[in-house]
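What follows is a single structure, written as structure tokens, with notes after it.
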Amino acid sequence: GCTQHATAPSEPPTSTPLPSASTQSSPESLGAADQIKVVAQAEAFLRALVKPHSSRDAWWAAVEPYLTPIAAKTLESLQPTSVGFARVSGSGHLIAETDQDRAAQARSVAVPTDAGLFSVQVTDPTAERRINNFGPVAGATAPATTVTTAAKDPETPAADDETLKR
């Protein structure tokens, strides 16, 4: 696919602007359609992680297209047996924006799995390769194998747990 970088918007002025370096991403700044895309992308990515394949290479060929180039490089040694859960058990939802989300111009989605809630960080909803990182939500009953592409502490702030319990 062709990769495009954010430049001057070519959309009519009445459309909702996409998150960029000059705008903060929040549920309010993402249009309803983009919120749906972000959640659907996170759910599809986690389902791809646990879908059985004939080989590790076939599995990676199904998972890698969801990932940003940096995430793909970070996760290239990930094994299908080490993702930390076996199935997605419900619908995902946007969670409170974190400093890590703001720094990455991304939004995080909490998705229930058989091993607890997993957070998936999704970048620009119009990009082809959007998944920045994923891992269990702090305090959820999931293994402590957080995978992250950021240099910051991979632990999700405790404030997010309170948001999820509402």
Side-chain angles (χ1 to χ4, degrees), residues 1-51 62-72 75 83-85 87-140 142 146-150 152 154-166:
C2 93
T3 57
Q4 295 180 334
H5 296 284
T7 57
S10 59
E11 297 177 352
T14 57
S15 67
T16 303
L18 293 173
S20 70
S22 63
T23 61
Q24 288 294 326
S25 176
S26 69
E28 296 77 30
S29 68
L30 279 180
D34 286 339
Q35 289 182 36
I36 292 167
K37 284 181 192 175
V38 165
V39 171
Q41 188 76 5
E43 291 172 354
F45 168 68
L46 290 185
R47 284 187 178 96
L49 283 175
V50 294
K51 184 176 180 184
V63 169
E64 192 266 341
Y66 288 96
L67 302 170
T68 63
I70 293 170
L75 299 176
V83 296
F85 63 97
R87 68 178 177 83
V88 172
S89 61
S91 299
H93 61 276
L94 287 171
I95 58 176
E97 189 175 42
T98 65
D99 289 341
Q100 187 178 0
D101 287 340
R102 282 186 285 280
Q105 295 293 316
R107 284 309 312 266
S108 291
V109 177
V111 181
T113 73
D114 61 328
L117 283 175
F118 269 66
S119 174
V120 179
Q121 190 182 59
V122 184
T123 62
D124 179 352
T126 63
E128 288 181 29
R129 300 160 64 91
R130 306 171 238 207
I131 306 301
N132 224 19
N133 68 46
F134 79 100
V137 173
T146 298
V147 179
T148 182
T149 59
K152 293 183 177 185
E155 292 297 320
T156 304
D160 286 351
D161 284 342
E162 293 172 14
T163 304
L164 294 170
K165 292 175 186 170
R166 284 187 202 166

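Fair warning: this is a prediction, and the values are worked out from it, not measured in the lab. Basis for what follows: all heavy atoms, side chains included, without hydrogens, waters or symmetry-related copies.
- We find the CG-NE2 distance between Leu117 and His93 to be 6.5 Å, quoted to the nearest 0.5 Å.
- Taking every heavy atom of both residues into account, Asn133 and Gln100 meet most closely at ND2-NE2, 3.3 Å.
- Without hydrogens or angle criteria, Arg107 side chain to Val122 main chain gives no donor-acceptor distance under 3.5 Å.
- Taking every heavy atom of both residues into account, Thr113 and Phe118 meet most closely at OG1-CD1, 3.6 Å.
- When all heavy atoms of Ala71 and Asn132 are compared, the pair lying nearest together is CB-O, 3.3 Å.
- Nearest heavy atom pair, residue Glu64 against residue Ala72, reads OE2-CB, 4.0 Å.
- Listed here is the closest heavy atom pair of Pro112 and Ser91: CD-O, 3.3 Å.
- In this structure, the separation between OH on Tyr66 and CZ on Arg130 is 9.5 Å, given to the nearest 0.5 Å.
- Going from atom CD1 of Ile131 over to atom OG1 of Thr123 covers 7.5 Å, rounded to the nearest 0.5 Å.
- Residue Gly90 comes nearest to Glu43 through the heavy atom pair O-OE2, 4.4 Å, listed as atom of the first residue, atom of the second, then distance.
- Considering CD of Gln105 and CD of Gln121, their distance stands at 10.5 Å, rounded to 0.5 Å.
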Side chain to side chain contact (heavy atoms under 4.5 Å, CB included) between Leu67 and Phe45, worked out: CA-CA 9 Å; Leu67 302 170; Phe45 168 68; 3.6 Å; yes
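- How far CZ of Phe134 is from CZ of Phe85: 6.5 Å, rounded to the nearest 0.5 Å.
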